[in-house]
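Just so you know, these numbers come straight off a predicted model, no measurement behind them. Both ligands and their constituent atoms are indexed starting at 1 by order of listing.
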Amino acid sequence: MQDKKKKVVFSGVQPTGSLHLGNYLGAIKNFVGLQDDHDCLYCIVDLHAITVWQNPNDLKSNILDVASVYLAAGIDPKKSVIFVQSTVPHHAELAWILNCITRIGWLNRMTQFKEKAGKNRENVSSGLYTYPNLMAADILLYFSDLVPVGDDQKQHLELTRDIAQKFNNDYSNFGGTDFFPIPDPLILDESSRIMSLRDGTKKMSKSDPSVMSRIEFKDSNDQIIKKISKAKTDPLPIPSNINDLERRPEVNNLLLIFSSLSGSKLNDVLSDYSGKQFSQFKKDLSDLLIANIEPIREELTRLDNDQVFLREILEKGTDEAMKRSNINMKKIRDIVGLN
Ligand code: TYM
């Protein structure tokens, strides 16, 4: 049940492949931490996934995989609403209305679209172009206050705020100037941008062809040790001063991962390891990763054999999300003049 006194938190993850350490530290770990004091909705955004063609069988199993990772990482269905975006049709309906609010000039500035479309701009789906409007719909549909995401989603969140503001202004005589709350992004400094283990200037990503570039939840302990031992570093020793990390993106990234997993400040990690060999640091980092990932991996294996339970959780989540979005969508339709 919705607790009206708590702030509403909304976030989502695309079911497009194996989730990795970037998704965990940048987003999912923070989802878990917010559950006690906030009213949280965590979505599996399958409609966003199909902005790029997905094999239907893979998509179906990836949806359940994200649900499993949510649960295994500690999202508690008794505290948070876990659901699949396409099972609540109001997301697509509100996205259409927001398509009519968002200016094309705003969408043209989206760097993620430019990166994803690349030189092939004329030939990508129009869904990829209007993707941020669907994301805004996800957030605004529940009158969300806070959105925990990694740094790569910051621009989409700024756009969501602009869309909410324009809707409020355009319909101020019908819904009031603060109909949609203006949502705040929640982006944690240390873990908002986990980089590839092979190239510290590139984001850790599901789409990187090299599995050595990322740690996945399904990695065995041996795979984790191997990926960390082969992670790129440089010939200099570990520095004692944060400023000396500036032109050392790979070393900076490994230290940030350590700091984020251990909950220690980067400065403290540096004072523990400055002047030491990377071999010792990498061993400790692997141990820390294993301590975090092994329990999640074991829970994933257990959930893999309990698909009935997973589907039950998702159905309950859909019911709750539908209940809320139905009420909100009625208000939105009324304000726009649609019923
Ligand atoms: P997606 O599926 O690409 O990523 C899920 C979350 O993981 C974060 N993330 C990272 N954080 C740190 N370092 C990385 N290397 C890294 N890679 C990914 C992302 O920032 C994200 O928080 N558009 C969104 C999904 C979405 C959404 C929403 C999010 C749809 N609707 C509404 C919030 C609210 C996306 O593609 O995330």
Side-chain angles (χ1 to χ4, degrees), residues 8-32 34 40-52 54 59 62-63 65-66 69-70 73 75 81 83-86 88 91-92 94-95 98 110-113 115-116 127-128 130-142 144-161 163-164 183-208 213-217 249 252-253 256-257 260-261 321:
V8 178
V9 168
F10 184 99
S11 200
V13 173
Q14 291 196 66
T16 45
S18 277
L19 299 191
H20 52 74
L21 188 67
N23 300 123
Y24 180 58
L25 294 179
I28 298 170
K29 190 168 178 239
N30 309 328
F31 298 178
V32 178
L34 290 163
C40 302
L41 297 113
Y42 296 127
C43 192
I44 300 157
V45 291
D46 54 349
L47 295 175
H48 278 105
I50 59 165
T51 54
V52 174
Q54 304 291 319
L59 180 58
N62 285 337
I63 289 171
D65 282 352
V66 176
V69 169
Y70 277 177
I75 297 176
V81 184
F83 71 107
V84 180
Q85 186 186 35
S86 65
V88 179
H91 289 249
L94 180 56
L98 300 184
M110 294 297 111
T111 52
Q112 198 159 76
F113 174 75
E115 276 165 26
K116 284 198 179 166
L128 192 67
T130 54
Y131 176 115
N133 294 343
L134 176 60
M135 187 164 156
D138 297 339
I139 296 165
L140 300 180
L141 183 57
Y142 302 94
S144 311
D145 301 293
L146 266 185
V147 185
V149 280
D151 182 68
D152 60 344
Q153 298 302 316
K154 192 171 171 189
Q155 197 186 29
H156 290 158
L157 254 295
E158 282 159 7
L159 182 76
T160 301
R161 291 165 62 88
I163 295 172
D184 284 315
L186 186 70
I187 299 174
L188 300 186
D189 277 354
E190 333 73 69
S191 54
S192 67
R193 208 168 171 77
I194 303 296
M195 309 309 271
S196 155
L197 301 177
R198 310 297 294 162
D199 176 351
T201 62
K202 279 193 350 208
K203 208 180 64 167
M204 185 177 284
S205 149
K206 292 172 199 161
S207 55
D208 192 314
S213 68
R214 60 184 171 264
I215 304 282
E216 298 178 0
F217 285 110
N252 188 38
N253 187 41
L256 281 174
I257 293 174
S260 175
L261 284 169

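- Closest protein heavy atom to atom 31 (N) of ligand 1: Asp138 OD2, 2.7 Å.
- Within the model, atoms CG of Asn23 and NZ of Lys206 stand 5.0 Å from one another, a figure rounded to the nearest 0.5 Å.
- Annotation: atom 11 (N) of ligand 1 to nearest protein heavy atom, Gly22 O, 3.1 Å.
- Residue Gln153 has at least one nitrogen or oxygen atom sitting less than 3.5 Å from a nitrogen or oxygen atom of ligand 1, judged on distance alone.
- Residue contacts with ligand 1, taken as heavy atom pairs separated by less than 4.0 Å, do not involve Met195 at all.
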Derivation of the side chain to side chain contact (heavy atoms under 4.5 Å, CB included) call for Leu19 and Asp65: CA-CA 9 Å; Leu19 299 191; Asp65 282 352; over 6 Å; no

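- Side-chain rings of Tyr142 and His91 approach one another, their centers coming within less than 6.0 Å.
- From the protein, the heavy atom lying nearest to atom 25 (C) of ligand 1 is Gly12 O, 3.5 Å.
- Looking at Pro148 next to ligand 1, no N or O pair under 3.5 Å apart turns up.
- Interface atoms of ligand 1 facing Ala27, defined by a heavy-atom separation under 4.0 Å, are 6 (C), 7 (O), 22 (O).
- Here Asp199 contributes atom CG and Asp208 contributes atom CG; the two are 8.5 Å apart, rounded to the nearest 0.5 Å.
- A distance of 11.5 Å separates CD1 of Ile139 from CG of Asp145, quoted to the nearest 0.5 Å.
- Looking at Ser191 and Lys29, their side chains never bring a donor and an acceptor atom within 3.5 Å of each other.
- Nearest-residue assignment for atom 8 (C) of ligand 1 (options Ser11, Ala136, Ala137, Gly150; heavy-atom criterion): Gly150.
- Residue contact check: Ile194 has heavy atoms under 4.0 Å from atoms 12 (C), 13 (N), 14 (C), 15 (N) of ligand 1.
- Proximity to Ser192 (heavy-atom distance under 4.0 Å) selects the following atoms of ligand 1: 11 (N), 12 (C), 13 (N).
- Across all their heavy atoms, Val45 and Pro15 have their closest contact at O-CD, 3.4 Å.
- Ligand-side atoms of ligand 1 in range of Val149: 22 (O), 29 (C), 33 (C), range being under 4.0 angstrom from any heavy atom.
- Closest to atom 7 (O) of ligand 1, if we only count protein heavy atoms, is Asn23 ND2, 3.1 Å.
- Shown here for Tyr131 and Gln14, the closest heavy-atom pair between the two residues is OH-NE2, 2.9 Å.
- Partner of Asp152 under the salt bridge (charged side-chain N to carboxylate O under 4.0 Å, His left out) criterion, chosen from Lys203, Lys202, Lys116: Lys203.
- Contacts between Ile139 and ligand 1 below 4.0 angstrom, taking non-hydrogen atoms only, involve the side chain exclusively.
- Using a 4.0 angstrom heavy-atom cutoff, His20 counts as in contact with ligand 1.
- Here the closest heavy-atom approach between residue Leu98 and residue Asn133 is recorded as CD1-O, 3.8 Å.
- Considering both main-chain and side-chain atoms, His156 never comes within under 3.5 Å of ligand 1 through any nitrogen or oxygen pair.
- Sparse packing is recorded around NZ of Lys154, with 12 or fewer heavy atoms of other residues, nucleotides or ligands lying under 6.0 Å away.
- Regarding atom 23 (N) of ligand 1, its nearest protein heavy-atom neighbour is Tyr131 OH, 2.7 Å.
- Here the heavy atom of the protein found nearest to atom 20 (O) of ligand 1 is Asp152 OD1, 2.4 Å.
- Nearest protein heavy-atom contact of atom 28 (C) of ligand 1 is Met135 CG, 3.4 Å.
- Taken from CG in Asn30 to OG in Ser260, the straight-line distance is 8.0 Å, to the nearest 0.5 Å.
- In terms of polar-atom proximity, defined here as any N/O pair under 3.5 Å, Gln14 does make such a contact with ligand 1.
- Scanning all protein heavy atoms for the shortest distance to atom 34 (C) of ligand 1 gives Val147 CG1, 3.6 Å.
- In the vicinity of Gly26, heavy-atom distances shorter than 4.0 Å reach the ligand 1 atoms 11 (N), 12 (C).
- The distance from ligand 1 to the heavy atoms of His48 drops below 4.0 Å at these ligand atoms: 30 (C), 31 (N).
- At least one side-chain heavy atom of Val8 sits less than 4.5 Å from a side-chain heavy atom of Leu41.
- Under a 4.0 Å criterion applied to the non-hydrogen atoms of Lys203, ligand 1 contributes the atoms 15 (N).
- The distance from atom CD1 of Ile194 to atom CD1 of Ile257, rounded to the nearest 0.5 Å, is 5.0 Å.
- Distances shorter than 4.0 angstrom occur between a heavy atom of Lys206 and an atom of ligand 1.
- For ligand 1, the atoms closer than 4.0 angstrom to any heavy atom of Ser191 are 12 (C).
- Atoms CD and CE, on Gln155 and Met110 in that order, are 4.0 Å from each other to the nearest 0.5 Å.
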